[in-house]
Amino acid sequence: MKTIRLSEQNADFFDRVYEVVRLIPPGRVTSYGAIASYLGAKRSSRMVGWAMNAAHQHRDVPAHRVVNRVGLLTGKMHFADPEAMEQRLAEEGIEVKEDQVVDFKTVFWDPAIELGF
DNA sequence: GTCTTGACGTTTA
DNA sequence: CTAAACGCCAAGA
């Protein structure tokens, strides 16, 4: 059936993103690319970012735990209060300096590994 | 209908 | 090493 709209498929993609983001444990962060890769869309990391933008409709989606590949809080400006993001991360034990996650490599949470690939 | 922008990441020059 | 282009797909103008 070709009548399937891309919107529906992409909605499913978004839903998977939210599911993974919800599974991110406290004190840990992940990257858009890691999520995209886990979903099989390694080069569609932008869609993950777009999904996060739509994630504001959802409650249990800790978008503050998602940063770019270098651990930079690129999306902090999209929160209600940009300060809330790093503050929230600080509460979870994640140190943020200059909008960048300290020891990003240590706190990095890869779904492909933590979830068992 | 086309063109530009975007919470990114990889590859190539 | 740094800088730029490409890919990816969707939404807004």
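Reminder, nothing fancy here: chain letters follow the sequence lines and each chain counts from 1.
Here chain A contacts DNA chain B (any atom closer than 4.0 Å to a heavy atom, that is under 4.0 Å), and the contacts span B:dG6 to B:dT10 from 5' to 3'.
If you take CG of A:Asn53 and C1' of C:dA10, they are 11 Å apart, rounded to a whole angstrom.
Residue contacts for A:Ser45: at a heavy-atom cut-off of 4.0 Å it reaches a base atom on one of the strands shown. Residue A:His64 is out of contact with every strand shown, counting any heavy-atom pair closer than 4.0 Å. When heavy atoms are screened at a 4.0 angstrom cut-off, A:Ala41 is found touching no nucleic acid atom at all.
Of all heavy-atom pairs between A:Ala63 and A:Met85, the closest is O-CE, 4.1 Å.
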Using the rule given for side chain to side chain contact (heavy atoms under 4.5 Å, CB included), can you reason through A:Val21 versus A:Met52, listing the C-alpha separation, both sets of side-chain angles and the distance that settles it, and then say yes or no? CA-CA 9 Å; A:Val21 174; A:Met52 305 313 318; 4.0 Å; yes
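Interface residues of residues 21-32 of chain A facing DNA chain B, ordered by number: A:Ser31, A:Tyr32; criterion, heavy-atom separation under 4.0 Å.
Here C:dG7 is the nucleotide among C:dA10, C:dC9, C:dG7 with the atom lying nearest to any side-chain atom of A:Arg46.
Listed by first and then second residue, the side chain to side chain donor-acceptor pair (under 3.5 Å) pairs involving residues 57-75 of chain A are A:His64-A:Glu92, A:Arg65-A:Glu92 (not counting sequence neighbours).
Remark: the separation of the P atoms in C:dC6 and B:dT4 is 14 Å, to the nearest Å.
A donor-acceptor distance shorter than 3.5 angstrom exists from the side chain of A:Asp110 to the backbone of A:Ala112, with no hydrogens or angles considered.
Projected onto DNA chain B by closest heavy-atom contact, A:Lys42 and A:Met52 fall at different nucleotides, the more 5' of which corresponds to A:Met52.
In the hydrophobic cluster analysis, where Ile, Leu, Val, Met, Phe, Trp and Tyr join through side-chain heavy atoms closer than 4.5 angstrom, A:Met77 is grouped apart from A:Leu72.
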Quiz: residues 97-108 of chain A side-chain donor-acceptor pairs under 3.5 angstrom, not counting sequence neighbours:
residue : atom : partner : partner atom : Å
A:Asp99 : OD1  : A:Lys76 : NZ           : 2.7
A:Asp99 : OD2  : A:Lys76 : NZ           : 2.7

Do any side-chain atoms of residues 24-34 of chain A form donor-acceptor pairs under 3.5 angstrom with protein atoms, and if so which ones, sequence neighbours left out?
residue : atom : partner  : partner atom : Å
A:Thr30 : OG1  : A:Trp109 : O            : 2.9
A:Ser31 : OG   : A:Ala34  : N            : 3.2
A:Tyr32 : OH   : A:Val66  : O            : 3.4

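Annotation: ring pair (Phe, Tyr, Trp, His ring centres under 6.0 Å) contacts of A:His78 (sequence neighbours excluded): none.
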